[in-house]
Peer 1: 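Quick one: the structure is below, and I'll ask about it shortly.
Both backbone and side-chain heavy atoms feed into the values below; hydrogens, waters and symmetry mates do not. Every chain is numbered from 1 and lettered A, B, ... according to where its sequence line falls, protein lines coming before strand lines.
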Amino acid sequence: MNRYQINIVGESGSGLLSTGEILVDALMEAGYFVFADREFPSLIKGGYSCFSLVFSDEMVSSYNESCDLMLGLDKQGMQEFNERIVEGGYLVHGYERLSGIADMTKDLLKRDVKVYDIESRKLAKSVGGNVLMTNVVLIGSLWKLLGLDYGLVESAVKRKFASKPKLLEIDLLALRAGYDDVKSVDKLKKIFENFNESNLDEYTLMDGNKSVALGAVLADCKTYYAYPMSPSSSILTYLADWSPQTNMMVKQAEDEITAVQLNIGSSYAGTRAMTATSGGGFDLMTESLSLAAMIEVPLVLVDVQRPGPATGLPTWTAQADLDLLTNAGHGEYSRVVMSVSSADDGAAVIQDAFNLAEKWQIPVLVMSEKFIADSKKLVLKSDFEQIEIDRNLTSSSEDLVSQMRYGLSENGVSPRWIPASNSVPYYANGDEHFIDGRLTEDAKKSELMIDKRARKVEYLVKELPEPELFGEEDADVYVVGFGSTKLVMDDVVKVLDKSGVRVGYLHYKYLYPLKLDKLTEVYQSGKSVLLVEGNRAGQFGKSIESEFKRDVFASRLLKYDGRPFYLDEVVEFIESNLNTHGK
Amino acid sequence: MNRYQINIVGESGSGLLSTGEILVDALMEAGYFVFADREFPSLIKGGYSCFSLVFSDEMVSSYNESCDLMLGLDKQGMQEFNERIVEGGYLVHGYERLSGIADMTKDLLKRDVKVYDIESRKLAKSVGGNVLMTNVVLIGSLWKLLGLDYGLVESAVKRKFASKPKLLEIDLLALRAGYDDVKSVDKLKKIFENFNESNLDEYTLMDGNKSVALGAVLADCKTYYAYPMSPSSSILTYLADWSPQTNMMVKQAEDEITAVQLNIGSSYAGTRAMTATSGGGFDLMTESLSLAAMIEVPLVLVDVQRPGPATGLPTWTAQADLDLLTNAGHGEYSRVVMSVSSADDGAAVIQDAFNLAEKWQIPVLVMSEKFIADSKKLVLKSDFEQIEIDRNLTSSSEDLVSQMRYGLSENGVSPRWIPASNSVPYYANGDEHFIDGRLTEDAKKSELMIDKRARKVEYLVKELPEPELFGEEDADVYVVGFGSTKLVMDDVVKVLDKSGVRVGYLHYKYLYPLKLDKLTEVYQSGKSVLLVEGNRAGQFGKSIESEFKRDVFASRLLKYDGRPFYLDEVVEFIESNLNTHGK
Amino acid sequence: MVNKKLLSCADKICDLGVEWKTTWCSNCGNYGIQNALNRAIVLEDLGLEDVILCYDVGCNGNGSDKVDMFTVHGLHGRVLPLAAGVKTANPRVKVIASAGDGATMSEGVNHLVHAVRNDYPIMFILHNNENYGLTTGQASATTRKGIERNASPYGTVVDELNVCQFVLSLKPSFVARTYSGRVEHMTDIFRKAMNHNGFAFVEVMQACPTYNKETPDEWYEQRFTDVIDMKDYDCNDIWQARKIVEDMDIDVAMGVLYENPEKTDFLSASEIEGMSFWNRDMTKEVGAKRVDVSSLL
Amino acid sequence: MVNKKLLSCADKICDLGVEWKTTWCSNCGNYGIQNALNRAIVLEDLGLEDVILCYDVGCNGNGSDKVDMFTVHGLHGRVLPLAAGVKTANPRVKVIASAGDGATMSEGVNHLVHAVRNDYPIMFILHNNENYGLTTGQASATTRKGIERNASPYGTVVDELNVCQFVLSLKPSFVARTYSGRVEHMTDIFRKAMNHNGFAFVEVMQACPTYNKETPDEWYEQRFTDVIDMKDYDCNDIWQARKIVEDMDIDVAMGVLYENPEKTDFLSASEIEGMSFWNRDMTKEVGAKRVDVSSLL
Ligand SMILES: Cc1ncc(C[n+]2csc(CCOP(=O)(O)OP(=O)(O)O)c2C)c(N)n1
Ligand SMILES: Cc1ncc(C[n+]2csc(CCOP(=O)(O)OP(=O)(O)O)c2C)c(N)n1
Ligand code: SF4
Ligand code: SF4
Ligand SMILES: [Mg+2]
Ligand SMILES: [Mg+2]
């Protein structure tokens, strides 16, 4: 797997994002697979950001903390991040004053990092541009260093600034000036000689929140109610922007409780509704979760995780809400907890969630993560097709009596019909009730109803698929994980394969209830089974071991510093844990 | 253990409660231990209530669904509940019209139930009383049947109506009329011949919410903030009523989030604060729980449980919020979950909770139950003494620097000083922060702080006592439980002892984190270990088995119909599960 | 889907409870309100397929299963967004929400603020009995200052809120008041509210003989001042409304106190490219045609 | 208690961050507000032991660790009850709470209602930048109708709230308005608010050059109308206040708009048998003397 990582660094708000986007666009045009993510502080401006971009001639979905090449947009960014350049790597920057960076430069030389300082200000001015255009100059210079076709980056810049034709003209001059300014680039060019280009027509670049938003559209979800909260907010933005095409009711509610109540109201009334938030917002929705379970109304909630507690690290990533989602909301009843793994499956997971929620008339809680939400990868367009919709509604009113609505059944599910769609009324009652929804305080009746609602998950689990094994079926070592762990593991499998280590990655999409057959098989293979999980307690590992009633994992890689799993750290973890099982 | 159970039944609001209270008072005066509880619907008036009262010549703390004698205050109540009279038992009622109860009477005769119908209306009128006084007539008749000293019930009635001297006069006449109306009572009288009287001066009758409220006073809690919610509301009522004596700030907040935020504000500022609620209200507080953990402010919350989900059964009981309390509130941090077991230990548990919360600067969540909250038992007055207060505050400002407030320490606890009490400021910051509270987004610093907060519980668990074993140390069978399970188990141990079965009851006061040494010992004895728990999933049992990583319980008695554990069902459960372990 | 066997076994275990009894205290104002609401529904010729009733938790909410209609009984304080969600999904149906003063002015007052602001086209009945009935009579935000209640044994210490003044500060489209002692007046106001195309706010001063001894029906009867009888009263003039609602002690104004015909209701305001949500029935749209997202990729 | 070894090791791992930098966008109105608040505190001669600053979550809240004071930075929307809790425990200290319009008028509007009603003796600064700054510029309840924002790409569709009108409907004791363009005016208003013995509500119209292009400082500068300059303005007259705050477009009234000297603040109102909470310091009372509950058993 040929891969190359560029980190673009600078102060937040310094044009870092558009610089990164232009490069990503141009590299895709060049026929490379790309993966990009951005680290940024919870501030509107100020603080330092780092845009990481990996390109490869295979599908790529992870990155490292360290990069092969760093593009420094300003002094502060470079100073903050320059230690991330690998030995023998490159630094391209436009801080022509060079004052105060002597120490840094010395350090870099020691680590054999080659530094290109571009007179970006001067070059920008020379073509009639201003300070804001130094980034474009730097893109030009970088492109030259990469030794790729100028036309590709030129058209990427054109696409980016198409809406500002006047500026575009100067931008193009600045690009050229940067490009022309770099002369000898042989060494860097060589790196890419064995990178193959691919036809990427079947792919598109996508972040996880967009994938989730598309899932809502594909599920024919008619109403979206949410309150802004990082890192879930862009789902609201996407859906609001699209409303003229989708005719979706997209409503920014006044708070999270309102959002989930609007959702439950619309779902009860008979349409599909979705709401996304993050951990703290989810806390506020938990009483309502319990209501949905009680009146057996389908409820789809998305929790895009960030590190807690409290406000925590709003713009960083985590996988730490699992225990919360599994246990929150008072009372005992059925639910499903699922996780998106990347932009690849976001749309499918959401559609699945809607079908499960309607089929079983339960809350389905979908986890995502800041890392999934914001990172961009190439996805197959064909993965964004509508999956068959299963509403499990009773439409004919013949033979219907009110006592059927919450009637007792083997699997806990009773017929649901749209209120006011016929003349057979029922009570959707948040108080304990019996089969037509009328209040009961009777011991036996109450027990029957609690059983009914709790029983669903016992039947539902039988219909869920086992977790999927990626990589090698007959592996030397197995890794178990969920969510974005899949992103890094997809690359890990390939990388370790090259060093002759066959890795099997068992990916859990359904986190509650748990399917254990495949894992049992894997465990019984006698090979090491490892856990890679983004929280401190190893929540998922614990819930597996608690079901298994034995130790399962030979070792755990737990990370909870707000950063995603880096490729190299997972590779290293696995290498140092080969054959630790039963030996 | 000699015990006798009387059920008083009637429509809610029919004077049932005061009838019960008079009888309880009189029986205590007679020197009997009593236990009383009331089943009632979530309505202000209407619906049927049943007041169960057990008296005994030993400490008693449980009852059965069925009773030895029923006092029927009206037709409806009798019809609803008459099946609860044991074979050979008694029904005393004042429904003199007798119309429409022929079927019932026939049925009762079949079961050898002796019926006394008292012409209560007529008798009441005969002394110048009205319909409302029929209950007093019935009390008189019942008292005669019990064959107890008239003076005892007379003075109980006097105490009850002391504030209404005019009515009292007629009430006393009515009482006498009822008493005199009953002639032959030999059979019933015999039952009590071997009941010994005790001197109860050291005892007082108390319900669990009062005990919890007293705990707050004894802990020198200065502020109580709460929002009314059954079955927690009477804590608010008690504390508000007492405020002239206690000088406590007792504030009914506008909602649960406000209550917990006021609490956190006052606790942060440096005083002690408490808040009680029930499951759904607790859900709403969970985001704030996470804040308290983040800024390391002590937080004491009480959850008086009732069955969910949603509004559920507001006036019934449950032990089903354990998983919720253990996992609610986003983020990973330390907490303690404890449970009150009865009015006996409510005050002590609350004081303990405050000391733990302040010592470790964490949330301490205290569970109670509707059954504990409302049932009345005799408690030792001496159990209501102040326990030493441990605030763990740093008072001297010498050598203090801001960076100490959240400084890293072995056990995760840092010095806490009262804000604005000196000139060494710090930031109590809900965003991730470093040691002086200033925001950080650094990976290493964030990890250190998450570790610091999560580590507390790992140290704290070492200081907690093992669960206490009640009953027989060297038993034939062991039962594990928490909360009100202790109430019934106290009686079960005595009852089974009589049949030669030695029962050991391992009572967990601390439910999270778990202490397992004593349980291991019990488990290794080779005797049956049984679980008695008031929820469907067996939450506590699961959490024990998940820590143990093996099956522990030979059998489980799980109840989740809103009713407390009845004495006879637990006895039967244990009898049918003797020696099931390892065989 | 329903297991007939289990259904019939349940049948045996316990009666199906098709009969019900009302469970309010005698002389509770909720009887009158329920009566008036039923009358209004009948008089407006609305049937089972035309109405969804949404209830909060409180004494009033205990009526949710005592009426032959489709009803939903949500959480304490949350009925307004629940009802707005129902209406949005199915605008064809009249949505009528009810809640107590505890729910409306305390636990869920944020929802009242934004329901008025959004002008959700639903009717809302506030049962204002000036206390928390169902939890045994604690003070609410409308309990007049100084009155003793459960948990305020020495009298409440802060000012009560003036509900109508509050709503009038939020640019409402319809504000009315009535009281539980006059079924006819309530019926009339409810009918007007049902026909209002926006958020129809109706405050009913409700008798609670069990806990509110201070302002029973007779108290309001004595102070009842119908604005319809006031010659110069212009219910489109917000300043007149603001002035008149200030008095909650001497002449308590009743009737439709304010109406703003200019306000655009939420469903109209949310139209997408000229297509109003009023013409949609989103309960039927799900899965009705295949969704193509290629233009969004 | 602090492990010196770990402390110093942390010291090495990462600098202690004693230096800080402000993190607002350039020309953000928060700079001016912070400046004015600092000045007011200094001019009132208040030191470290006299003030506790309470912050909500939002751009403004990001200032919580950029000031040399005791501060607490709570949850989004929840600063008011948090601050009231602080004040109750320690009445000696001035408690100053700050929050954005998103926090105040949406997520936590219930708290505003009841903070006014209870008249908690704290000062409150509402940073009204007419959008959700920190979450990248979504509309708030004060974003004027029709304006485009993140997640309202075709313009908001419902009426904005008039904050002061809202507060005035709640029987407030102190209502003031200023804007972030005039540090002196803000300083002056803040000082008045600090000296008010009750809930001192101050709305600051705050510039947010990044997301709010519609009403920058200049916009308010042009419309600035100080009530102090109006001859007949009586700030004890609620009706004048209600009238004047209605205009948010042409002449935007600033200054102390309303004051009610009759209102009793929460701590005074809560006195127990004549003993005011103002004379208490509950932070010191805990454990100060042995509690005897025998009379309560
Ligand atoms: C989250 C939550 N908090 C508290 C309660 C308890 N509760 C039930 S009804 C009610 C208030 C009743 O007052 P109101 O809304 O005025 O209705 P009323 O009974 O007076 O008609 C409360 C506090 C609850 N069910 N849920
Ligand atoms: C419970 C919860 N919901 C949502 C958020 C996300 N959030 C942070 S600040 C904010 C609103 C910011 O708007 P405002 O209060 O006006 O402050 P500003 O940033 O404009 O100063 C939101 C929605 C959160 N932190 N917590
Ligand atoms: S308590 Fe009051 S509101 Fe509730 S049912 Fe009784 S009279 Fe009606
Ligand atoms: S987004 Fe607006 S409010 Fe936030 S810091 Fe920038 S200018 Fe200030
Ligand atoms: Mg009420
Ligand atoms: Mg704002």
Peer 1: Nearest 0.5 angstrom please: D:Ser152 OG to A:Asp241 CG, how far?
Peer 2: 10.0 Å
Peer 1: Working to the nearest 0.5 angstrom, can you tell me the gap between A:Ser243 OG and D:Tyr154 OH?
Peer 2: 5.0 Å
Peer 1: Within a radius of less than 6.0 Å around CZ of A:Arg84, do more than 12 heavy atoms belonging to other residues, nucleotides or ligands occur?
Peer 2: yes
Peer 1: Which atoms form the tightest heavy-atom contact between D:Ala151 and A:Ala240, and what is the distance?
Peer 2: O-CB, 3.4 Å
Peer 1: Could you check if a side-chain atom of A:Glu256 sits within less than 4.5 angstrom of a side-chain atom of D:Glu107, using non-hydrogen atoms only?
Peer 2: yes
Peer 1: Under 4.5 Å between any side-chain heavy atoms of A:Asp255 and D:Ser106, yes or no?
Peer 2: no
Peer 1: Do other residues, nucleotides or ligands put more than 12 heavy atoms under 6.0 Å from A:Glu83 CD?
Peer 2: no
Peer 1: Are there residues of residues 72-88 of chain D that reach to under 4.5 Å of chain A by heavy atoms, and which ones?
Peer 2: D:Gly74, D:Leu75, D:His76, D:Arg78
Peer 1: So, taking the atom named OH in D:Tyr132 and the one named CE in A:Met229, what distance separates them when rounded to the nearest 0.5 Å?
Peer 2: 12.5 Å
Peer 1: Which of residues 108-116 of chain D have a heavy atom under 4.5 Å from any heavy atom of chain A?
Peer 2: none
Peer 1: Just checking, is any N or O donor in the side chain of A:Thr237 or D:Asn150 under 3.5 Å from an acceptor N or O on the other one?
Peer 2: yes
Peer 1: In terms of heavy-atom proximity below 4.5 Å to chain D, should A:Leu239 be classed as side chain, backbone, both, or neither?
Peer 2: neither
Peer 1: Any heavy-atom pair between the side chains of D:Gln138 and A:Tyr227 that's under 4.5 Å?
Peer 2: no
